[in-house]
Every structure is written in structure tokens, then in C-alpha cells.
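What follows is a single structure, written as C-alpha cells, with notes after it.
No experiment lies behind these values; they were computed from the predicted model shown. Just so you know, ligand 1 is whichever comes first in the structure, and atom 1 is the first atom listed for that ligand. Only this structure's heavy atoms are used, side chains among them; waters, hydrogens and symmetry mates stay out.
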Amino acid sequence: MNWALIGASTIARQYLIPAIRSFEGSEATWVVSGSAGHAKQFAADENIANTTTDLAQALADPSVDAVYISSTNEKHHAQALAAIAAGKHVLCEKPLAMSLGEAREMIDAAKAAGVHFATNHHLRCAGSHRAIRQLIADGRIGEVLSVKVSHAVSLPEHLRGWRLDNPGAGGGVVLDMTVHDTDTIRYHLGEDPVSVIAEAASAGMGQGVEDSAMAIMTMASGIQVLSHVSFGHPFGKTGVEIHGSKGAIYGKGVIAQTPAGEVTLVTADGDEDISFPRHDLYEQVLAEFAAAVNGQPHQGATGEDGYKSLAVALAVREAAATGQRQHLNYGEPQ
Ligand code: NDP
């Protein structure tokens, strides 16, 4: 599969380009950027054949099968619509867009054009999270009672740009990290949040955007979920705890971009270390994207999954801003 990268971004450089090249016959053949100089430097560093600041030029290349959109968030919508109109399959970064109306338009356009559209929620492609989901599905902890997601960490120095000071680009920790927590718990529990209450705060990093937030989500079945996200917790460690009537699952260090962490099942029989495959998360995202392009059911996050994680993140921001519980119905998929 030939990919055009839309956005000369850190995530493309660190994870997606190596993942694309891990598949025989798969290559990143274009990088599209708002800055010609940045695009050229990026292409030189990463050995990419073609650069442009004109998205249409890359999309006009018939050898491009798919695009990976990892520009800042306010650009995803227009770039995705252009790629879809050109008949390209689209893997789009989270949050899909700045509003639910935009996200719905992207999903509908892809459906109408007959191209595949997916969201890069990488965590559900991790071996750790797949093992956790299987333990729950197998009834190993009985009836699930509550979930706690710890995602309060320190934003790496090199990412301390638009996320901290540009609400127009989709900055703020809620659109950045609550979306991932939401997708992960939806994946584990197989149901959606129906309401949220939340508070957002600044630990001193955010300028005009929140850099920390706590949200309590109530799932359709009544399961309570606590999501704690922050850019400004220098000693924070990530994790997921899932508490059930017959046991609990502790996933330590599993909210990660690498196949990291440990999973422990705790029951009346004691503690059991759970082994899981430690494949590359982004290679798995791409393998499942390619399978879906070839007509198989998509195991990773679809456009609809990205829509729902965005809906919850926007509701969390609104709940924090107003102090009012927000109810979610997601609208009807078209
Ligand atoms: P970056 O800040 O690295 O890149 C975003 C944009 O900033 C680029 O597309 C580029 O604009 C511009 N840019 C970056 N570096 C330079 C530079 N040196 N000079 C000029 N312009 C520059 O963002 P991230 O890679 O952290 O995030 C990009 C997207 O990916 C976001 O939507 C984010 O939410 C998502 N993301 C997802 C992750 C996941 O695991 N699913 C993890 C991290 C991010 P241009 O488009 O013009 O090239």
C-alpha cells in the first residue's frame, strides 16, 4: 500500500513511517505540509520521495492508495474530505475533528465514496488491552463494577507546542487524551458512556486550555468509569484498573505507544500475571486497516469509534465548563 502522509508530524516520524515500512511493498511516498521547508527537511530525514504544500498534488497521484492524516486537529476535516473525494482510503488521527458535525461529515463522505475511513486509536490494538478485554469477556472478574484509568503524565518537552496554547488547533488535554481513555474503555466494556460529569484544571502548563481533567463517565449498564488525564504530572504512571464482582484486573503502564506494561488478574485464588503479545501497536493498526480495506471487518477503531470518543471528549469539556452533567446519545449512525 502506498501512503501519502498529510502532516509532517512527530507521530508520523516516530511511529507511523516505521510501521508503514515494516510491511513488504508498503511505502510512504508523499509528505504534505503547510511549510515547504519543513516538508523538504522531513522528507530528507525520512527518505520520502515527494513533498508538496498542495494537498491536491499528492492526491492526484494514482499510485497513492491511502492517506494518514496527522496534522493539527483543526485541519483533519478538510484534509479528510479532500482525500475521500480523490478516492483514497483514510486513517485519521484522533480527535477526528473539532466538532461532531465535522466528524459525521467525514464518516458519511467516506461511506458514500466507498473508501475506508478509520481512527488511529492505537491502544485497542495493544496486546495488553486485548488480553484485558478477553479476561473480561471470559468472565474472569465476574460482573464489572467500575473502571479507573490513570493517564496523568508529563507531556514530553518536544510536544509542548499547540497542545498547550492553541485551542483553535484542538489543544488541551481532553481532546488529546480523554479521547484515548474513552475509546479504550468502550473497547473493554463493549458499551458507551451515557453521561459524564467532569472538572478540568491547569497544573500550570496550559495557556488558555486545560492541562488536567478528571471525568466520571456512567456507562449504559451503570458501570462507573473514572478517567484522570494530565500533561503536567511529572511522576505520573499510567494504568487501567477494572474491578469486578469476582476479581480485578490491573494493567500497569499499559496506556502507552509501545507494547509496554504488565497485566495482573487478582481473584480469590491470588494474583496471576497475564502474558500478552508485545507486537508494535501501530503496525497492528495498519495491518487491521489494510485488512478492512480488503473487505474484512475492521478490528481496530473505525470512524464511528472516533466519532464516539470525540462526542465524549466534547461532553467532558462542556461538563467541566458548566458544572452540569452532560448526557450522550451520539445521534443515529447514517
Ligand atoms: P506535531 O506538533 O509534531 O505536528 C503537528 C503539525 O505541526 C505537523 O503536521 C506540522 O504541520 C507542524 N509541525 C511539526 N513540527 C514542525 C516544524 N519543525 N516546523 C514546522 N511545522 C511543524 O504533532 P503530533 O505528531 O504530536 O500530533 C499530530 C496529530 O497526531 C494530532 O492530531 C494528535 O492528536 C495525533 N497524535 C496521535 C497519537 C496516537 O498515538 N494516536 C500520538 C500523538 C499524536 P504541517 O501539517 O503543516 O506539516
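Which of Ala301, Ala8, Gly34 comes nearest to atom 12 (C) of ligand 1 through a heavy atom is settled by distance: it is Ala8. The heavy atom nearest to atom 29 (C) of ligand 1, considering only Ser33, Ser70, Ala39, is found in Ser70. Of the candidates Glu93, Glu74, Arg163, Lys75, the one placing a heavy atom closest to atom 44 (C) of ligand 1 is Arg163.
A donor-acceptor pair under 3.5 Å is formed between the side chain of Glu102 and the backbone N or O of Met98.
Note on ligand 1: Tyr15 sits outside its first shell, no heavy atom being nearer than 4.0 Å. Residue contacts with ligand 1: His158 is excluded, as none of its non-hydrogen atoms falls under 4.0 Å. For the ligand labelled ligand 1, residue Gln14 lies outside the 4.0 Å heavy-atom shell. At least one heavy atom of Tyr282 sits less than 4.0 Å from an atom of ligand 1.
If you look at Trp3 and Phe289, their ring centroids are closer than 6.0 Å. Residues His151 and His228 place their aromatic rings such that the two centres sit no closer than 6.0 Å.
Contact annotation: for Leu175 versus ligand 1, there are no heavy atoms closer than 4.0 Å. Neither the backbone nor the side chain of Tyr68 comes within contact range of ligand 1; no heavy atom lies under 4.0 Å.
The protein non-hydrogen atom at the shortest distance from atom 2 (O) of ligand 1 is Trp162 NE1, 2.8 Å. For atom 25 (O) of ligand 1, the closest non-hydrogen atom of the protein is Ile11 N, 2.9 Å.
Ligand-side atoms of ligand 1 in range of Leu159: 26 (O), range being under 4.0 angstrom from any heavy atom.
Between Glu93 and Lys75, no side-chain nitrogen of the basic residue sits less than 4.0 Å from a carboxylate oxygen of the acidic one, so the salt-bridge criterion is not met.
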